Number of protein chains: 2
Amino acid sequence: MTNETTRDGAKDAATQSAVETAYHHIRHLILTGEMRSGDKLLENQLAAAIGVSRTPIREALNRLNAEGLVVLERYRRGIVADFSLDDAVEIFRLRAILEGHATSRAASRISEADLQRLQDLERLMETQFEELGWNEHLEGFDKLNAEFHAVIAAAAESPRLEKILASSLELPASIFNRYSEPVEVRTRRTHAQHREILSALKARNPEWAQAAMNAHLFSLLPTASGSLAHEDGAK
Amino acid sequence: MTNETTRDGAKDAATQSAVETAYHHIRHLILTGEMRSGDKLLENQLAAAIGVSRTPIREALNRLNAEGLVVLERYRRGIVADFSLDDAVEIFRLRAILEGHATSRAASRISEADLQRLQDLERLMETQFEELGWNEHLEGFDKLNAEFHAVIAAAAESPRLEKILASSLELPASIFNRYSEPVEVRTRRTHAQHREILSALKARNPEWAQAAMNAHLFSLLPTASGSLAHEDGAK
DNA sequence: TGAGGAATTTTTGTATACCTTTTTTCGAGA
DNA sequence: TCTCGAAAAAAGGTATACAAAAATTCCTCA
């Protein structure tokens with residue numbers, strides 16, 4: 001899965017539309033921190049880089065704007081959105097409220113197959129963490145972690161809730177790391193919390209599940225002190 | 001329904017972009033029930049009707065799709081989204097959670113000017129209700145009511161929360177009426193509830209404000225019995 | 001040398017043209 | 001007459017062309 005020349009950022013399904021290609025490509029640039037807050041998003045430049053015309057680029061930028069990752073104003077250059085500490089806190093508060101609710105619902109609805117999937121995902125995250133250090137570990141972790149949360153969101157069987165969680169409350173990893181505790185501290189606790197959430201879901205105990213998810217998310221609430229260990233390499 | 005040649009649906013600000021025009025026009029068609037669930041949204045037809053090219057129509061449809069009012073699939077005609085009873089319930093549940101949270105935050109943040117504005121809005125709704133019956137009353141009421149809730153959402157000072165409430169949890173009035181109690185019953189209670197919310201905000205009591213807003217929204221939770229009085233005129 | 005501002009360039013907004021896919025039409029064969 | 005399927009029509013997806021606005025350049029004048 002870790003091939004190097006996937007020139008369309010994300011999933012490589014048979015024939016992807018141009019706007020999907022553009023959307024995933026640009027979103028990837030932002031979420032991975034390849035483009036940072038304030039960077040200019042020029043339609044022509046992106047079109048050339050991605051190899052489609054401006055039309056799908058514009059659609060993709062509009063979607064990202066609706067999701068809050070890009071700031072667009074009429075006749076003004078689009079820029080990558082800036083996330084202050086307050087923004088990060090706001091996002092995590094809302095995630096806690098909504099994902100807590102989702103987890104509560106999931107507790108009485110989730111299938112055995114999805115429970116198994118969650119267990120597999122968590123086991124994968126933990127073994128990868130043991131084998132590689134947290135350095136190499138990171139990209140893989142983010143993907144698995146995202147799926148862990150996505151499975152729970154889907155199990156809540158509330159399509160609008162799922163959509164909001166997937167598209168309106170994202171925070172670029174680079175920003176999150178800036179405001180969060182050092183990765184290795186955070187990650188160890190995350191594993192324990194994930195296991196607790198899983199236990200609560202298996203017990204089909206909505207209140208416990210909700211509380212465990214809330215604890216998980218509130219423990220990640222960004223702080224002013226931020227990360228003390230991890231400073232991004234480039235200037 | 002009153003005037004006949006308002007060719008741009010909503011607000012008529014100085015120079016509106018073509019996509020704004022298209023967006024408000026189509027959104028208005030859906031929310032007022034002029035276009036109903038399942039109706040086809042043909043790009044050419046809308047373009048001709050609104051007087052712009054397909055490009056801004058497509059942008060508008062994409063926005064409405066993201067908001068859940070329109071269903072788009074690749075290479076498939078867009079249609080006005082269908083709202084089942086379950087959808088309506090889901091929307092009100094999520095509104096209750098999020099708008100309750102917003103009201104709680106608003107209680108400790110809202111300005112005196114906004115409190116006054118809320119009082120004025122509520123007084124307007126009530127006097128209009130006395131003067132006109134609930135028949136004529138309706139269009140005006142929806143606008144004032146929407147602003148009442150919007151003022152509170154804004155006072156929460158959580159831009160993402162405000163955006164979600166404004167754009168992801170809408171229900172066309174025609175659908176709401178189908179699943180809700182008769183209008184005159186509902187409206188009388190709404191006035192009392194609005195006054196209670198206002199009192200709680202004035203008292204700057206977050207818990208009370210949140211509970212009052214929750215009571216308001218849960219009292220509107222759509223039911224299978226639905227409206228017994230109001231059946232739409234046309235076949 | 002620096003500030004103001006007009007001309008140029010760049011960039012975004014919209015319209016149109018063209019291509020691909022879907023939908024419909026309509027005719028052949030059972 | 002019904003069904004299947006190919007041809008035609010219609011509709012959406014993308015590229016390009018042109019218009020409007022903003023950003024930049026560069027000249028003028030203090």
Side-chain angles (χ1 to χ4, degrees), chain A residues 7-27 29-30 35 37-82, chain B residues 7-27 29-30 35 37-82:
Chain A
R7 68 187 167 302
D8 55 344
K11 60 172 63 167
D12 207 326
T15 30
Q16 207 173 211
S17 72
V19 358
E20 288 273 300
T21 305
Y23 169 77
H24 287 297
H25 189 116
I26 301 170
R27 181 165 175 277
L29 290 178
I30 297 173
M35 297 199 79
S37 300
D39 284 358
K40 298 184 220 314
L41 294 154
L42 302 192
E43 297 178 0
N44 281 319
Q45 179 180 309
L46 290 167
I50 298 176
V52 299
S53 80
R54 275 180 57 216
T55 309
I57 297 287
R58 286 177 60 82
E59 273 197 32
L61 288 178
N62 279 323
R63 277 175 67 178
L64 292 162
N65 174 241
E67 295 178 6
L69 292 178
V70 163
V71 177
L72 291 180
E73 277 174 277
R74 195 164 179 223
Y75 282 117
R76 291 233 131 70
R77 267 195 255 290
I79 58 171
V80 178
D82 181 49
Chain B
R7 66 184 169 300
D8 59 343
K11 60 172 63 167
D12 206 327
T15 31
Q16 207 172 208
S17 73
V19 357
E20 288 274 299
T21 305
Y23 169 77
H24 287 297
H25 188 117
I26 301 170
R27 182 166 175 277
L29 290 178
I30 297 173
M35 297 199 79
S37 300
D39 285 358
K40 299 184 218 315
L41 293 155
L42 302 191
E43 297 180 359
N44 282 318
Q45 178 180 309
L46 290 168
I50 299 176
V52 298
S53 81
R54 275 178 60 214
T55 309
I57 297 287
R58 286 177 59 82
E59 274 198 32
L61 289 178
N62 279 322
R63 277 175 66 178
L64 292 162
N65 175 240
E67 295 179 5
L69 291 178
V70 163
V71 177
L72 291 181
E73 277 174 278
R74 194 166 180 221
Y75 285 121
R76 288 238 139 68
R77 270 194 252 291
I79 58 171
V80 177
D82 180 50

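In this text the structure is predicted, and so the values were computed from the model without any measurement.
The structure places NE2 of B:H25 at 10.5 Å from CD1 of B:I30, a figure rounded to the nearest 0.5 Å. A distance of 10.0 Å separates CE in B:M35 from NZ in B:K40, rounded to the nearest 0.5 Å. Here NE2 of B:H24 is found 5.5 Å from CD of B:Q16. Values are rounded to the nearest 0.5 Å. Expressed to the nearest 0.5 Å, how far CG of A:L69 lies from CG of A:L61 amounts to 11.0 Å.
When side chains are defined from C-beta on, B:I50 counts as touching B:I26, because their heavy atoms get closer than 4.5 Å.
Of the two residues contacting DNA chain D, namely A:G51 and A:K40, the nearest-nucleotide position lying further toward the 5' end is that of A:G51.
In summary, A:R54 and A:E59 do not engage in a salt bridge, as defined by a charged side-chain N under 4.0 Å from a carboxylate O.
None of B:N65, B:L46, B:L72, B:I79 except one satisfies the side-chain contact (heavy atoms from CB on, under 4.5 Å) rule with B:L41; the exception is B:L46.
B:I79 has its CD1 atom 16 Å from the P atom of C:dT22, to the nearest Å. Between A:N44 atom CG and C:dT10 atom C1' the separation is 9 Å, expressed in whole Å. Rounded to a whole Å, the CD1 atom of B:I50 is 14 Å from the C1' atom of C:dT14.
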Side chain to side chain contact (heavy atoms under 4.5 Å, CB included) assessment of B:Y23 paired with B:E67: CA-CA 11 Å; B:Y23 169 77; B:E67 295 179 5; 2.7 Å; yes
A:V80/A:V70 under side chain to side chain contact (heavy atoms under 4.5 Å, CB included): CA gap, chis, key distance, verdict: CA-CA 5 Å; A:V80 178; A:V70 163; 5.5 Å; no
Verdict with supporting geometry, B:R63 and B:E20, side chain to side chain contact (heavy atoms under 4.5 Å, CB included): CA-CA 10 Å; B:R63 277 175 66 178; B:E20 288 274 299; 3.3 Å; yes
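Shown for residues 53-60 of chain B: residues whose heavy atoms fall under 4.0 angstrom of DNA chain D, namely B:R54, B:R58. Taken residue by residue, residues 70-78 of chain B places heavy atoms nearer than 4.0 Å to DNA chain D at B:R74, B:Y75, B:R76, B:R77.
Scanning DNA chain D 5' to 3' for nucleotides with an atom closer than 4.0 angstrom to a non-hydrogen atom of chain B gives a first and last hit of D:dA11 to D:dT14.
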